[in-house]
> 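My questions all concern the structure below.
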Amino acid sequence: MSTETIDLKTRLITDFHARESVMNGEAGSAFHQKKRAALAQFDELGFPTIKNEEWKYSNVRDLISVSYNFNADSSIELADLEDLKIPVQDANIIYFVNGHYSPELSRIVSSSDQITIDSLANAYKKNPSLVNSFFNELTQDDNDAFTALNTAFTQDGIFVNVPDNQSVEHPIILRFVSDARTQNVGSQPRNIIAVGRNAQVKLAEAFRTLGNERSFTNSVTEIYVGEEANVEYYKVQNESENSYHVGTTQVRMLDRSHFYAGTVTLNGRFTRNNLNIIIDGERCEAHMYGLYFPDGTQHVDNHTVADHRKPNSESNELYKGILRDKAKGVFNGKIFVRPDAQKTNAFQSCKNIVLSTEATMNTKPQLEIFADDVKCSHGTTTGQIDEEALFYMRSRGISKPEALSLLMFAFCADVVSQIKIDSIREYLENVIADKLASK
Amino acid sequence: MQLVFQDVACDFLLRPKLVTFAVNYHELYIKYKLVMLSINELRASIEGKEILKGINLEVKPGEVHAIMGPNGSGKSTLASVLAGREEYEVTGGTVIYDGKDILEMAPEDRAAEGIFLAFQYPVEIPGVTTINFLKTAVNEIRKYRGENPLDAAQFLKMVREKAKLVSMNDSLLKRALNEGFSGGEKKRNEIFQMAVLEPKLAILDETDSGLDIDALRIVAEGVNTLRSPERATIVVTHYQRLLDYIVPDFVHVLYKGRIVKSGPKELAFELEEKGYDWIKAEVEAVG
Ligand SMILES: Nc1ncnc2c1ncn2[C@@H]1O[C@H](COP(=O)(O)OP(=O)(O)OP(=O)(O)O)[C@@H](O)[C@H]1O
Ligand SMILES: [Mg+2]
């Protein structure tokens, strides 16, 4: 372990104790005890190295080699965010700047007596026991240093509580902005989405970085999907050449619920997404879609888990990537089918186009099946652009760059079309078309 | 020099007999667009294996040339090389089209100059609709020619007319290009694209194979509608049947990378009747 590694870790632990010492009575709360336990876990685990099987292809040495200001103030205004915006109408738009809720920038339209959409800090102030009942309940077994670190430092994020039979009419768009215009900034948003029986919500997390200094985001989202609930969850990362992102989304689904996830990584220096779904109910449907476009020396790593614990459910996964230059991609998709989960259908596919000989893609499907009556399939492909198709298009007068961008856009289409918040899908179509055309 | 001019004036079609005059004739033919396509000693290989071993062919505006020959003789290779497929390495010879040396030209530029290849095996392209693909093609070609792009309404009107011409079902236009199309639908789509792009030189590589009798007639009618004194067609086929509909001016036999025999349309009947053995025998006897 290098001295720098010890530095960031030690600094974080010292910081934790300093904060704790000024907490007065709150330090004894159940909420804080969870954070404390998480800090101990982080201390024990330390930042992962590539010797850790889960981090074999994603080296965080660079990420932890500098220090970050986790309490950076920001003078950001809406005007600064103009070109970072996803144009959405009729939505709840909630800003977090450097990890802190910004009421001035936000607009919450769907909050009501029944439905809570609030910052985690506010929600905790209003109803500590409710928030605590959801906090770290899904992630406590995660055994991941970044998740533990986030838990230990939980301060703010979103808290959404949709009670039984309620439906949030407008999508909830969470905009996490790192203001790295003057210094290295760190943020650790913590989100809790609790969706009751037969309730519905659509939400999106959008990550952007402003400025050229480093940003480090370590986000954790816990999503409770009640019986017969329907939840759509999108994550759009369009960060800077100097942004580092580690994020975990932990989901638990109950009987007959549906969950859709779409993870699109447009830009960012280093990205690691963990999407873990526990299918703890019968007749559930879990869908996971992913798309990534690393170029330069960018690194994108998607780890997913579909953990089937009950019979008769289905999971369906499609990840696609286009890699250029010296980019590195990693896909690790785990499917667990527990002994009770008979008649499970689990499908997984990861397809990649590698446009340069120096770009690499590591794919690892990992199936652990302990039931005998199941249908599982998985497949990964990594290839170049189809030369036959390219020639066919060019022979009709379509220039090579245009043909390439049409082919690549078509390659992405079956993932993009799965994004059901229209404004986000349209935004992505435009950004992706630009991205594919500009090279 | 004077002699040359006189000769050209009195008989355009006269072939140069003296090698020294050949170049002059050649240039003049091209200059006055009396020859649209002139292939001279064309050689091409793939993966180090020579497939075309010195092809010579001249195509004049208004003509239809049929190219026949046994499997593997190089017909599709010739078609692909003309369309600009980069996997093939041209190792010798020239191809002058419309007065321009096209061998250095990108496939898209050749298309914009009016060359069209109907593929023996049309490629499936998931995620790109036929209509979108064609719109991009039409407007890219217009851009190359310095014309304004067609707007959506103009384009649709034109496409509808052309689709009718080859009885192309509207629903196919909205589907991903060739994806899941039947063999016949794919071939019909090739002719439909040809009708939309209105090429000067169309090369049809076995467009007839896989077509039922009705489709064959429709496709042939499509081709014939486009026939004009300014356009030329090269038809690669194994069957005399197609040539009943698209009547060729010349029939050539390609064998082992060379055109070993050329003749009038009757040659196709002879081939249908006797097969290729007699030609192979002739070639072996000479060679
Ligand atoms: N990509 C390639 N790699 C290796 N050999 C090739 C390739 N493409 C063509 N060939 C070879 O070149 C030769 C000519 O092929 P071509 O497709 O031009 O024949 P063809 O006359 O069109 O035959 P058919 O009547 O069967 O369509 C064949 O021997 C073929 O195997
Ligand atoms: Mg062929």
Side-chain angles (χ1 to χ4, degrees), chain A residues 262 264 289-293 318-322 349-353 355 379 381-419 425-426 428-430 432-438, chain B residues 76 79-88 105-130 132-145 147 176-179 186 189-190 192-194 196-199 201-203 205:
Chain A
V264 181
Y289 296 96
L291 206 51
Y292 38 94
F293 305 90
L318 175 63
Y319 271 68
K320 286 189 160 186
I322 297 176
S349 168
C350 176
K351 297 180 177 169
N352 301 284
I353 295 179
L355 293 173
T381 59
T382 297
Q384 284 84 40
I385 276 284
D386 180 355
E387 289 292 335
E388 294 270 325
L390 190 62
F391 175 62
Y392 188 69
M393 298 180 97
R394 294 178 75 190
S395 80
R396 298 299 183 251
I398 301 175
S399 66
K400 189 175 179 182
E402 182 70 26
L404 278 171
S405 73
L406 265 176
L407 284 173
M408 288 189 283
F409 195 79
F411 174 77
C412 305
D414 48 356
V415 171
V416 176
S417 65
Q418 294 297 331
I419 293 173
R425 189 187 54 255
E426 283 156 20
L428 285 175
E429 280 167 355
N430 288 331
I432 291 169
D434 278 357
K435 204 175 169 64
L436 298 178
S438 66
Chain B
S76 294
S80 297
V81 168
L82 292 178
R85 192 178 198 122
E86 284 157 355
E87 283 90 330
Y88 294 98
M105 272 168 125
E108 55 269 35
D109 292 347
R110 300 186 199 195
E113 293 284 346
I115 296 179
F116 179 91
L117 169 63
F119 283 55
Q120 180 174 4
Y121 305 109
V123 183
E124 298 197 8
I125 305 188
V128 180
T129 60
T130 305
N132 221 346
F133 167 72
L134 264 182
K135 190 169 179 201
T136 311
V138 165
N139 284 333
E140 288 260 291
I141 289 176
R142 291 181 72 90
K143 191 166 83 187
Y144 180 94
R145 294 177 184 164
E147 298 163 0
L177 187 56
N178 293 325
E179 195 187 28
K186 283 181 185 167
N189 192 12
E190 294 294 285
F192 165 64
Q193 292 175 37
M194 182 181 86
V196 169
L197 299 177
E198 296 188 328
L201 174 65
I203 304 159
D205 191 359

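To find a chain, count down the sequence lines: A is the first, B the second, and so on, and within it residues start at 1.
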> Can you measure from CG (B:Leu134) to CD1 (A:Ile398) and round to the nearest 0.5 angstrom?
8.0 Å
> Would you name the heavy atoms of A:Leu407 and B:Ile125 that are closest together and state the gap between them?
CD2-CG2, 3.6 Å
> For chain B, find which of A:Ala413, A:Ala389, A:Ser399, A:Ser395 contributes the most heavy-atom pairs closer than 4.5 angstrom.
A:Ser399
> Heavy-atom cut-off 4.5 Å, strictly under: side chain, backbone, both or neither for B:Glu87 against chain A?
side chain
> Using non-hydrogen atoms and a 4.5 Å limit, figure out which bit of B:Asn178 sits close to chain A: side chain, backbone, both or neither.
side chain
> For A:Gly397 and B:Ile141, work out which heavy atoms get closest and say how close.
CA-CG1, 3.9 Å
> At what distance, to the nearest 0.5 angstrom, does OG1 of B:Thr136 lie from CD of A:Glu402?
6.0 Å
> Report, as yes or no, whether the 6.0 Å neighbourhood of atom NZ on A:Lys351 holds more than 12 heavy atoms from other residues, nucleotides or ligands.
no
> If you count heavy-atom pairs under 4.5 Å with chain B, which of A:Phe411, A:Phe391, A:Phe409 comes out on top?
A:Phe391
> Checking side chain to side chain contact (heavy atoms under 4.5 Å, CB included) between A:Arg394 and each of B:Arg85, B:Glu86, B:Glu140, B:Arg110, which is the one that passes?
B:Glu86
> Report the relative orientation of the aromatic rings in B:Phe119 and A:Tyr392; use parallel for angles under 30°, tilted for 30 to 60°, perpendicular for over 60°.
perpendicular
> Are there over 12 heavy-atom neighbours, none belonging to B:Glu147, within less than 6.0 Å of that residue's CD?
yes
> So, the side chain of A:Arg396 versus the backbone of B:Phe116: is there a donor-acceptor pair under 3.5 Å, distance only?
no
> Side chain from CB out, backbone as N, CA, C, O: work out which of these in B:Pro122 comes under 4.5 Å of a heavy atom of chain A, or both, or neither.
both
